[in-house]
Every structure is written in C-alpha cells, then in structure tokens.
Amino acid sequence: MELPNTPTSLVFGVNGERFELSHVDPSTTLLQFLRTRTRFKSVKLGCGEGGCGACVVLISRYDPVLEQVEDFTANSCLTLLCSIHGCSITTSEGIGNSKEGFHPIHERFAGFHATQCGFCTPGMCVSLFGTLLNAEKSDRAEPPDGFSKVTVSEAEKAIAGNLCRCTGYRPIADVCKSFAADVDMEDLGFNSFWKKGENRDLKVSRLPRYDRNQLSSRFPTFLKEIKQDVFLASEKHSWHRPISLTQLQSLLKSNNSNGSRIKVVVSNTGMGYYKDKEDYDKYIDLRGISELSKIRKDRTGIEIGAAVTISKAIEVLREDIRGDFLSDYVMILEKIADHMSKVASGFIRNTASVGGNLVMAQRNNFPSDIAVILLAVDATVHIMTGTQFEWLTLEEFLERPPLGLESVLLSIKIPSLELNQNESSQPRNRFLFETYRASPRPLGNALPYLNAAFMVKVFPCKDSGGTLIDTCRLSFGVYGSKHAIRAKKVEELLAGKPLCASVLYDAVNLITATIESQDDNVLTAYRSSLAAGFIFQFFNPLIESPERISNGYLNGSDNHPFADDFELKVSQKKTPHDKVSTLLISGKQVLEAGREYHPVGEPIVKSGAAQQASGEAVFVDDIPSPSNCLHGAYIYSAKPLARVRSIKLTPELQLDGVRDIISSKDIPNGGENIGCKTIFGIEPLFAEENARCVGDRLAFVVADTQKVADKAANSAIVDYDTENLEPPILSVEDAVERSSFFEVPPFLDPEHVGDISKGMAEAEHKILSAEMKLGSQYYFYMETQTALAVPDEDNCITVYSSSQCPEYVHSTIARCLGIPENNVRVITRRVGGGFGGKALKSIPIATSCALAAHKLQRPVRMYLNRKTDMIMAGGRHPMKITYSVGFKNDGKITALELQILINAGIYVDVSAMYPDHIVFALKKYNWGALAFDIKVCRTNHPSRSAMRCPGEVQGSFIAEAILENVAATLSMGVDSVRSINLHTHESLQFFYQNSSGEPYEYTLPSIWSKIAVSSNYDQRAKMVKEFNRINSWKKRGISRVPVVNQVTLRPTPGKVNIFSDGSVVVEVGGIEIGQGLWTKVRQMAAYGLSAVQCEGTEGLFDKVRVVQSDTVSMIQGGFTAGSTTSESSCEAVRLSCNILVERLKPLKEKLQEEMGSINWETLILQAYMRAVNLSASSLYTPGNDGYLNYGAAVSEVEIDLLNGETRFLQTDIIYDCGQSLNPAVDLGQIEGAFVQGLGFFMLEEYETNLDGLVLQDGTWNYKIPTVDTIPMQFNVQVFNSGHHQHRVLSSKASGEPPLVLAASIHCATRAAVKEARKQILSWSNQEGEDSTFELGVPATMPVVKELCGLDIVQRYLKWKMTNK
C-alpha cells in the first residue's frame, strides 16, 4: 500500500467542539494546544513530565469495526496533538460547569471540602470520571440507584497518580468512595450534605445525584466518519501514520538516505523521563499498524504487540484463561499483571506501550519494571531491522548495543510452561513465581529502589520431606548497570539442590556481592540488602514449611512468607488481585459548629469550590495572553561562585522567535537592580558581575512562546571564570570557619531562660555535645511561580502575580523601574498553593516580567518550569544542631544548651527571623533553663525562604529528638518523659511571658489527656508490644506528641462596598491561597452587616462576593503568612461593617417608624437615594503579643525490616481552634498541614550536590505524599475551647501549627526501629537494647532499613543455622 503524499487535516473534538487544523508543529502537546488555542483552562501544567496529574484529560476513540468507544485518561502534557486525530477530548469543564450545571463529581468535591487551592482539582475530577465511565462498561451487577459499578478500592485508586499539596487527600478519597456501590456510608467523612446521626437512605438521598445513564452518548458523531490515516506536513516537520509494516519500512528507508532527524512514537510518554533536547524533522506514529497492536494467544504462549498499552496488557493477562493454559502459567500471568499495575500511574499506563518501555530500557537504560519481570519468564521479542525479521530472547535483546532507528520492536512473547507430567513415577513438580518491588509509594507512580522477579521449578524431595530446586530464573533491575540482569551465579548455586538454611545463606551472600559489583550508586548497600531480602522472602517459606506450595502461591500474608511468625490466616490461593495493596483510608472527624455569630462558626463550603473543580477558577496563567505577548525564562548560574564573562544563545535559536535577553544592564536610569527587599536586606534581580550561587538569576530570555523561551534558556552558553575568586562557602562549617553570618536584629534575638549553670549542676545525668542534622524541603506548590506584566499608557504597568504579598511586589517593581508607586498596579486573584514559597520568592518573577515589558513595551509573561523552580526555590532551611542536656532520674530536664547553625543561603530573605521562631517552638517543654547560640550562616546556596511553619517545625522536632535521647539513656518510656516535662501554667508563663495567656486558655494538659483516651493510647501501646513480640519481620511503634506554637497578628486592611441592589463586594489585604480566607471573610461580612437588624439579613452570606487583591484599590495589604491572615482580614472586614451599620441604623429606625418593617434591599435602595456612604474601609491593627496554639497527636506505624518501608497505620489529632471561624476549613488546614509535615519527616529528600545544585528536580525524584502514603486511619478533632476577648471572635489559627504534629509519625518510626534493633541483638545472642541512635529526617526507606540492619537476613540465617 502506498504512503499518502498529500497532507491531510488533523480533526478532533474538545468538549464537543470540532477542531480542524492543517498546519501543526508535531512537537506540540495537547496541553499546549488546550491552554493557548482554546477557551478551556481546567487542564493545568503542574510538572510537564506526567508525574502530577494536573493535566489529565479523558480521550475517547471510536472503533468502527466494533462500533464501540474506548475511553481512557491520559496526560495532556505528554500527548502529542497529532496523535489525537479522530479523538474526542473531555476536560473537567466538559464534564460539567457553572453554565450547564456541575457534575456530581464537582459538587461532591465541594461538599466533602476536598479542594483547597484548587489547582490540582480538575485533574482529580477527570481521573475519577474516567474510572466511573469504564466501570459502567463492565458486566458487573447493576448497582443501587445513584451509585456506580465501581468498587471502593477502585474508586480510591482512581486518584493514585494525582498529586495534591493542600488537602492531605482524606476528603478526596471520600469523594471517590461516595460513588462506589459497596461503600459504607458511615465510613465517609465530614461533609456538607448530611448531619450526624442520619440514616443511610437519608444520606444517600442528600448526595448530589449520580446518573449512570448520562455517561453513554458523549462521543460526537462528526468524528465517527474520520479516516484514521493521517499525514501532516509543513516546511520543517512532518507527521506520518503508516498503516502497514511495508509503509513503515519505506519511511525508515527514506530517512536513511536523506539523514532527517526522526522520532518514532506510540504515545510519547517517554518524554516525561527523557526530555526532547532537539527538534525532529519527521515523526512516525506506530499506532496505525495493526500488527503492532494485536494480542495473540495460542498454546505456545501469549504474544503482545509492541504498541499495546500497559493497561491493555494488564487487562488481557488478567482475563480468565484457565481453560487454555496450565494453572501455574495462569498464576504467573496474573502476577505479571499485578506488578505492571504498579508501573507509573493509571493515566500513563493507559497510553504508554509495553514495547516503548522495553525499547527505553534497551536503548537508554531506563529502569524498567517490565523488563525485569519478563526476563524472569524467559520472554522473547520480535525485531524488524530494515526488511529483516528475527526473534531474540529478551536477555539477548537487552545485551545488544542500543537499537538503531532502522530497527523496530514488533512484539513480545511470554512463552507457556512446559511440564513433563507424563512419567507417573515423577513427583508433582511446580512452578513458583513472585515479583518484588521496593518503592517509596506502594501503588506506583514512583521508580523502585530495586525490583526483582523469580521463577523457580521445584518438586518435593521424597527422602528429606523438603523441597528440591530443579531450575530457576532470578532477575533483578540493577540501576548501576545498563539494564535488568539475571543472577546466574545464584541460579547455578541453587539448581539441583535441596533447600536448607545454609544453601539459602550462600545464595544471599552471593546475590549481595552480585548487586554490589553491578551498582555504582550511593544506595548500593541498600539495594544489595533489598536483593538479599527478596531472595529470603521467596525461598525461606520453602524451608520452613514446604507444604505451603499450594496452587503455585506461597501462602503468607502480604507477600511475606514466614511460617514461623505470621499467623497464616490468609492463603494466597485467592487470586492475587486482592493482594495489590488496597487502601481503604478512613477517619473520624469531630467538630462543633459555632452558633453565636451566625454565619461565622459554621462549616460552610469553601467559596468557589465547584468552580475550582470544574476548572473555571482563573489562575494567573489562565488569563488569556494579550496580543503581542512575549514569554520569559531564566538563564541561571550553574556555578556556586563565578565571574560571568558572557552569555550566548546557540545560533539556530537566535533566529527562532527569541526577541531579547534582559539582564541587569537593562535596568532603566533611576531604577535599581532589586529582586526583592525586606527589613533585613535586598536581593538583586540579576547577578551583575559575579554569580553567587547555583540558580542565581543571570538573565531573562524573552521569546514568542514559553516553549522557545525555555529552550533558549536551557541551551544558553555561559562563559564563567573563577580566577582570583575565593572558594565558595558550601556548608555551615565553612561559614563558621570564614565567619560568614547574617546579622540578627536585636529585637528578633531571643532571650535565654533561667540559669543554665545552676540547671546543669542540679542534673543527675547529662548528655553532652550530641549532634543532629535537619535537611530541606521544597514547597511543591502545584502551580509554579508565574506572572504577567502588561505595559500601559503614561509609563504605567499592570502586573498579574501569583503572590502571597502583592504589596511587596508592587513597591519592588516601582523601585526596579525607577517609577513612582502610583504608576504600578499588581493584581492577585488566587494562588495555586503557596506555603511561604510564593511570598518573597514570587517578587523577582513579577519584577523580571515587568522589566522586560517596560523595555520592550509589549506584554510579557512567564510560567516557570518545574525543574527551574526547584533549582531556584531554596525551600526550608537545613540546620546542624549540637546540644547538651541535663536531667534527673525520673526524666525531668533541668537544663538544655544548644548551638544551631542555620544554612540561609546567599541572600538574607527572612532568615533573620529564624532564631526567634526556633526558640519559640523549642519552649514547648519545660527545660528548667534554656540557653542557645544560633548562627544564621551565609553560604553560596540559593537563599532559603519561609516554608509553612518556618523554624517552628525544626525547633519542635529538636525538642522531641532530645527527649527521645533522654528516655533512651534512662531506659524509660519516652511518653512518660514527655508528660513529666510538659508545662504547668506557671512554667509556661516563665518561658513564654506575655503570650502565655490566662490559666483557662492553657488547654494542652486537657488535650494531652483527651488524646490518650480518644486514641485508646494505653491499650494500643500494649497491643503494639504484643505485635512486636510475635512478629520477627515487621515491627510497630506508637508515639504521642504535643504542639505549642506562638502566632502573631499583623495589621491588615479591609473594605466593604454595598451596591444598590443590596449585593456586597469585599476586598481584603489577605490573599486566597487555598486556606479558605475568602470563605471566612464572606461569613464575617454577613455577620457584621446583619447587626443592622432588618429583615432578610439571614441570607446575606450569598449576597457577598470577595474580589481579587488590587494594590491600587487596597494599599498596605502586607503578607499572607503566619496562619493569622484569615482572622486579621476578618477583623478588618468586621470593623468596616461596623462603620456601615452605624451609618445605616438611623435610616433603618426612621424607615421602620414610617413602614413598620423593612427588608435589606429596601433599606439599601433608600440609603442610595439619600446619599448614605455605602463604602467603608479600615485597617485592623492588633494590639497584643500574639497567642499560643495547642494540640496533640498520636501516631502508629509499622516498619518492614526487609525493605525499610514504613506504613502509617493510624493518626489521631486533637487541635484547639479556639472558637473556629469555619470548622470545615480549619479541619482541612489541620489535615493538609499534617500530611505536608509527614512529607518532611518521612518522604521528601531535597538535597544538593557539592556545588549546591539541587539533586531532586522533578516528580521523578522528589516524592511528596500521595493517597497511598497517608495514615490509613486518620482521626481529627477540632477542639473548640473557650472565649477570649483579645482574639478575633475567640478564634485561633490552624494553617501551620498542626504540621509539627507529624513528628509523631517520625517518633513512632523510631520506636519501631528500636524494637527491630532489639530483635537483631537477640539473633546475635546478645540481650538488652541498642536504643541511642539517630533516625534521620526524612526517614526514607533506605534510612530505616540501614538502622534495622543491612545484613539482617544473613544474621537471621546464621542464628538459625547455629540454633537448629
């Protein structure tokens, strides 16, 4: 068949609208098209590498042969636009919207309080929608009315690949579960639909109704007639979709002759890992070739076409094929499918091909799971090179030199098993198969540290009653080597031998050596230890109870076959689908609504929640580009300290849409090189002569598109020179040696407490000069830094900025451009996650855009790519702590002395506040006396900035770690040491002075007792002890931790305007960053205005709108930070309402005399006619010293001694919100903060290399919590304590303090590790415990495993052999 040579058009639909394009750059992604060429903005750019789910869309494709529509979710950031020819795309707006009515998914996201900043929510909604849609196509029983066919377990996993940084996931999981037919309604958390105690039927009736029948008729008819073959050509590029192997051969052949750069694609998901560095002339889409998409089954095995998606392969492998093959083979296929279901995430598996995965492994050494599991089953591959075809074993394929472009992988075959079953004298032999994967996320969406797959043929040994190994194939993914390998020496060692402890011991030692010789990574020792664990897990049960080889499954719970120490209630005879970790997250939420200040105190749904879910809420990057708009990207330093001699772009990019390179030389006369400013100092916008850290801004490339700007910035050639420069300061130790410190102003220098020498003299024990270190953490706001600057008449400029402090953006731009502040206007509507990272760090972004726009007199915008954002962000402050502590025999501390070195980076930012914050948090316990020497070190690292709970999380953790050490030294329970060192109100006053409040406000002692009761702490501590006694390979720990956190309020403005129809518009200084500020402000405005006491004021809440922050309209806006901006904004609004009520009251009384009664609308209309001023503003200036927040948490964890994995079993929190302004919003803040803290303590590594370059620079290597890494049982009580006249309607902050409670998870992990170390000692025939050890932060799997013993398997087997 001939190749088409006349170009066709690309035709597709988006939300039912038809698009036809004749000229397309084939490198354009669907995301780029949707965001720049359509009105649909729900599809967000979060990472650009398929790792966050913010860009997920539903793709629907019609099959004319089967007359069926295939629906699947996919990442639009990786999907190439040309590949969706003939497809229908559905975004969150297409599911439902404010004009046509929201979908029940959107309404439930709102009603379950499952959206905060809202940036990730549309992607979540589409992921869930896709799951519901495909469940309805199954042949399961009809569900009850209003429910879907989806199961609870599937519903929770629907969002397993979606990231959220705000909510903590628990309410999102509830939304998903609410659609499942098998849901327990009691298990669904707090929501706005039903009240406590209502029965099941009533609850179901109150949920926004889900109609399954509405799902079917969505595919547009205009797409059903489209021809599938597509050929697109422009001057530079072409896109081909051959429909036969012959066509493919001729395309590849023509390429060989003319040397064009070619890209062969199936779904382009590989670009998420291997970013395209060059442009291609020709794209060849393999999905049109039917041979590559077929799956063939016969008695020789299953052959899977190379273009078959991973999801499709999983589905086929799980099909009921028991009749066709031996049961062992069926079991193997099911386990392969289970393992594949943990590769990447659902929306990647839906498009990524099995062949593409293997080719990446062969060509680029991609750490492929699929290669490892197929290597173990002796898979073969079919290759076409030119016109030659050949079959190779997968092993031969992987060991060949990287495939050239002329070679194409056609299919993969999993051969069936051949068992010699004829000779009746032969004992029954079996195949055993298992796969392993040690990964930071149980459900996938994370590369494993190590994976393996073992296929072993065994038969019972008549003489010994044991097990004889006939043959085995053991494959491992070794990431230091080129690709997956077989452990052949171990295979040879085991073959033909009866299994016993000594043989297993030899095998374990051999595999450890094998992995170490292949791996060249910092994690080598951990990986070889994992390999030993995998081998042990597989073979040990065959020694301990060979009768457990039943049906090819090794019986044992959770993949851990240890007959002697696991109650083997679970037999893996059940199909292994049930074995995939089911989540089933649940939790109880206890909160009280306040009635006193209606509607303040009520758990009202977050304002705009449904619009956020449908994607109609507008973020900065959603604002349509003005005409002539340019896009910017930073060229940043790759050296920690160097002279910058020149910056050049590669010649081809200079021509291709780059308009200018802006640097410090472009700052106008009268302007300043200022990127941001605080009371502590100034940070330059661009480096002038010397770059002072990796990530220092050198210049700003301005181009026609963001893609060209990013490309130009990435390929810029910077000429550096380090001659005669001192070496950079790259550690706090260097800073001390060279006296490189930032000054802390006297008013922020904390004071010592008590007499340290007296305290030390009273001590009966001392720990002297103990050390610990704390690392950094990246904000991972879902929306990266972004701004849009539009020049205006008369030297004015308007800037749209995603910032927590527009006022500071405003003044910095004016100073940089050398224009008066009344020429600048900064507008911020909402921020897609901030956590402190959108405060000072947002200022240079907006200023760079403003400078470029000012110079070029054209609008300029920038959306920082995730990698650059991560390199420049700085994040949380790392620290080195040295402490000496004195204490009594009962654990009571008498004195604590600390030296703390804070790595602040190159510019001061807000680092000078840190000593104060750290000390305030440290004071949570009564230390008797407290002395410290805290130095803020200036280093050549990117400047660190405030991140949620800045200083407090470190100070609070330091306190916990010290008490852990004291308890270990005394061999006491750490809980009793915590209890004895809690403050009395008297000691609280001594440590906190004016902030301590009245005795009745000190609620911590009662919370401490309450949490023990509500979490059943004492009983569970006993159960943990018993669990640890009977389990050798898993250990549990439980811990209770308090928080005492001081917050202060800042001056905040507010303005209230009433329109003639009675509707109200409110402006405040505070910015909505997801914390529910607008919602609380609306409640306060309704409460404040209702004091006029006329009819109709009870419905005022719905008449109030809060509008975006505008620095020209509302000055002195200040910072949105420190957890208190919501309450101070509310107070400013209340003061403004009071003014309006005072103005309206005389008129109301007069009208009442005339008319008898009067409603709100009439009153306002009359006020307009009588020229009453209906606009009022005020600046709230708090007069006190702030106040203290209290709370406590109990967490229980379980660690796996073989791989270091920690499972978070349960967390209970009680947190004092005073009289909460909105308990639903505060609940969300508590849960979200806690989970962000869990990330800091357990998961998120944000390290730098020796030059200070960040090593974790994307979703592939930076792992924030996901739905499968939060506490499985998550109980929160929002505790409403008493009234207080000095606080805003007696409320308290909730945004930051709960984050420090996540230390309870870390402390519980430490308790479990302590038990593991005790266990190891017993295997070495030593009694006692080894409890003084340092558990690092974050306590990742390698950290935990190392403390549990990298050689634990060898020790156990040695002990076993000597104690037969």
**Item:** From CA spacing to verdict: side-chain contact (heavy atoms from CB on, under 4.5 Å), Phe366, Leu447
**Value:** CA-CA 10 Å; Phe366 177 71; Leu447 290 176; 4.2 Å; yes

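- Using a distance-only test at 3.5 Å, with no hydrogens or angles considered, no donor-acceptor pair links the side chain of Ser614 to the main chain of Gly96.
- Between Ile373 and Met340 the shortest side-chain heavy-atom distance falls below 4.5 Å.
- Leu443 places none of its side-chain heavy atoms less than 4.5 Å from the side chain of Thr1266.
- For the side-chain contact (heavy atoms from CB on, under 4.5 Å) test, residues two or more places apart in sequence or in another chain that qualify with Ser98 are Phe102, Glu616.
- With sequence neighbours left out, the ring-ring contact (aromatic ring centres under 6.0 Å, His included) criterion links Phe193 to Phe112.
- For the side-chain contact (heavy atoms from CB on, under 4.5 Å) test, residues two or more places apart in sequence or in another chain that qualify with Val69 are Ser60, Tyr62, Asp71, Phe219.
- With hydrogens and angles disregarded, no donor-acceptor distance shorter than 3.5 Å links the side chain of Arg830 to the backbone of Gly1074.
- Under the rule for a salt bridge (charged side-chain N to carboxylate O under 4.0 Å, His left out), the partners of Arg61 that lie at least two apart in sequence or sit in another chain are Glu70.
- The closest side-chain heavy-atom distance from Ile370 to His339 is not below 4.5 Å.
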**Request:** Check the pair Thr1269, Met1242 against side-chain contact (heavy atoms from CB on, under 4.5 Å), reporting the backbone distance first and the verdict last.
**Result:** CA-CA 10 Å; Thr1269 52; Met1242 301 302 294; over 6 Å; no

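- Between the side chain of Glu136 and the backbone N or O of Arg212 there is no donor-acceptor pair closer than 3.5 Å.
- The pair Asp174-Lys177 counts as a salt bridge, with a side-chain nitrogen and a carboxylate oxygen less than 4.0 angstrom apart.
- Listed here is the closest heavy atom pair of Gly834 and Tyr779: O-CD2, 4.1 Å.
- Remark: side-chain polar atoms of Gln116 are paired, donor with acceptor, to backbone N or O of Gly1228 under 3.5 angstrom.
- Atom NZ of Lys149 has more than 12 neighbouring heavy atoms from other residues, nucleotides or ligands inside a 6.0 Å radius.
- To the nearest 0.5 Å, atoms CD (Gln1236) and SG (Cys164) are separated by 10.0 Å.
- No donor-acceptor distance shorter than 3.5 angstrom exists from the side chain of Arg170 to the backbone of Ile1270, with no hydrogens or angles considered.
- Between Val1267 and Ala160, the closest heavy-atom pair is CG1-CA, 3.8 Å.
- Using a 4.0 Å cut-off between charged nitrogen and carboxylate oxygen, Arg165 and Glu1244 count as a salt-bridge pair.
- Inter-residue side-chain proximity for Ile105 and Leu132 is flagged as met; some heavy-atom pair is nearer than 4.5 Å.
- Residue pairs that meet the salt bridge (charged side-chain N to carboxylate O under 4.0 Å, His left out) test with at least one member in residues 44-60, sequence neighbours left out, are Lys44-Asp622, Glu49-Lys275.
- The closest donor-acceptor contact from the side chain of Arg35 to the backbone of Val43 lies under 3.5 Å.
- Rounding to the nearest 0.5 angstrom, the gap separating the CG atom in Leu1227 from the NE2 atom in His113 is 8.0 Å.
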**Lys342 and Thr435: CA distance, side-chain angles, deciding distance, side-chain contact (heavy atoms from CB on, under 4.5 Å) verdict** = CA-CA 11 Å; Lys342 293 181 188 147; Thr435 73; over 6 Å; no

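- Checked against the 6.0 Å centroid threshold, Phe33 and Phe12 count as a close aromatic pair.
- Note that the CG atom of Leu45 and the CG atom of Leu34 stand 12.0 Å from one another [nearest 0.5 Å].
- With hydrogens and angles disregarded, no donor-acceptor distance shorter than 3.5 Å links the side chain of Gln611 to the backbone of Gly615.
- Taking CG from Leu1238 and CG from Leu1299, the interatomic distance works out to 9.5 Å, rounded to the nearest 0.5 Å.
- Ring geometry for His106 versus His103: interplanar angle over 60°, hence perpendicular rather than tilted (30 to 60°).
- Judged as a side-chain contact (heavy atoms from CB on, under 4.5 Å), and not counting sequence neighbours, the contacts of Asn445 are Leu163, Ser345, Arg441.
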**Message:** Checking Phe1274 against Val1235 for the side-chain contact (heavy atoms from CB on, under 4.5 Å) test, could you report, in this order, the C-alpha distance in whole Å, the side-chain angles of both residues, the deciding distance, and whether it holds?
**Reply:** CA-CA 10 Å; Phe1274 198 2; Val1235 170; 3.9 Å; yes

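- Between Glu1198 and Arg1207 a salt bridge is recorded (basic side-chain N to carboxylate O distance below 4.0 Å).
- For the residue pair Ser439 and Pro448, the shortest heavy atom distance occurs at CB-CA, 3.9 Å.
- Put simply, OG on Ser178 and NZ on Lys203 are 12.5 Å apart, with the number rounded to the nearest 0.5 Å.
- For Arg437, the salt bridge (charged side-chain N to carboxylate O under 4.0 Å, His left out) partners at least two apart in sequence or on another chain are Asp369.
- Taking the six-membered ring where the residue is Trp, Tyr778 and Tyr1262 present perpendicular rings, their angle passing 60° and hence far from 30°.
- For Asn1275 (side chain) and Lys588 (main-chain N/O), a donor-acceptor pair under 3.5 Å exists by modelled atom type.
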**Asked** Gln612 and Lys606: side-chain hydrogen bond (donor to acceptor under 3.5 Å, both in side chains), yes or no, with the steps?
**Response** CA-CA 10 Å; Gln612 287 179 184; Lys606 184 180 187 294; 3.0 Å; yes

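- Salt-bridge formation is not detected for the pair Lys157/Glu154: no Lys NZ or Arg NE/NH1/NH2 atom is positioned less than 4.0 Å from an Asp or Glu carboxylate oxygen.
- Side-chain atoms of Asn75 never come within 3.5 Å of backbone atoms of Cys77 as a donor-acceptor pair (strictly under, hydrogens ignored).
- Considering all non-hydrogen atoms of both residues, Ser1195 and Phe1234 come closest at OG-CZ, 4.0 Å.
- To the nearest 0.5 Å, the span separating CD1 on Ile310 from OG1 on Thr269 amounts to 7.0 Å.
- Arg209 pairs by the salt bridge (charged side-chain N to carboxylate O under 4.0 Å, His left out) definition with Asp145, not counting sequence neighbours.
- Of the candidates Leu202, Asn199, Leu207, Leu207 is the only one forming a side-chain contact (heavy atoms from CB on, under 4.5 Å) with Trp194.
- Shown here are the salt bridge (charged side-chain N to carboxylate O under 4.0 Å, His left out) partners of Lys1263, two or more places apart in sequence or in another chain: there are none.
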Report all side-chain donor-acceptor pairs from residues 117-128 shorter than 3.5 Å, counting only partners two or more places apart or in another chain.
from   : atom 1 : to     : atom 2 : distance (Å)
Thr121 : OG1    : Thr115 : OG1    : 3.0
Ser127 : OG     : Gly123 : O      : 3.2
Ser127 : OG     : Asn162 : OD1    : 2.9
Ser127 : OG     : Asn162 : ND2    : 3.4

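- With hydrogens and angles ignored, the 3.5 Å screen pairs a side-chain donor or acceptor of Ser92 with a backbone N or O of Ala613.
- Contacts classified as salt bridge (charged side-chain N to carboxylate O under 4.0 Å, His left out) and involving residues 88-116 (residues at least two apart or in different chains) are not found.
- Asn350 is linked by a side-chain contact (heavy atoms from CB on, under 4.5 Å) to Phe72, Thr73, Ser311, counting only residues two or more places apart in sequence or in another chain.
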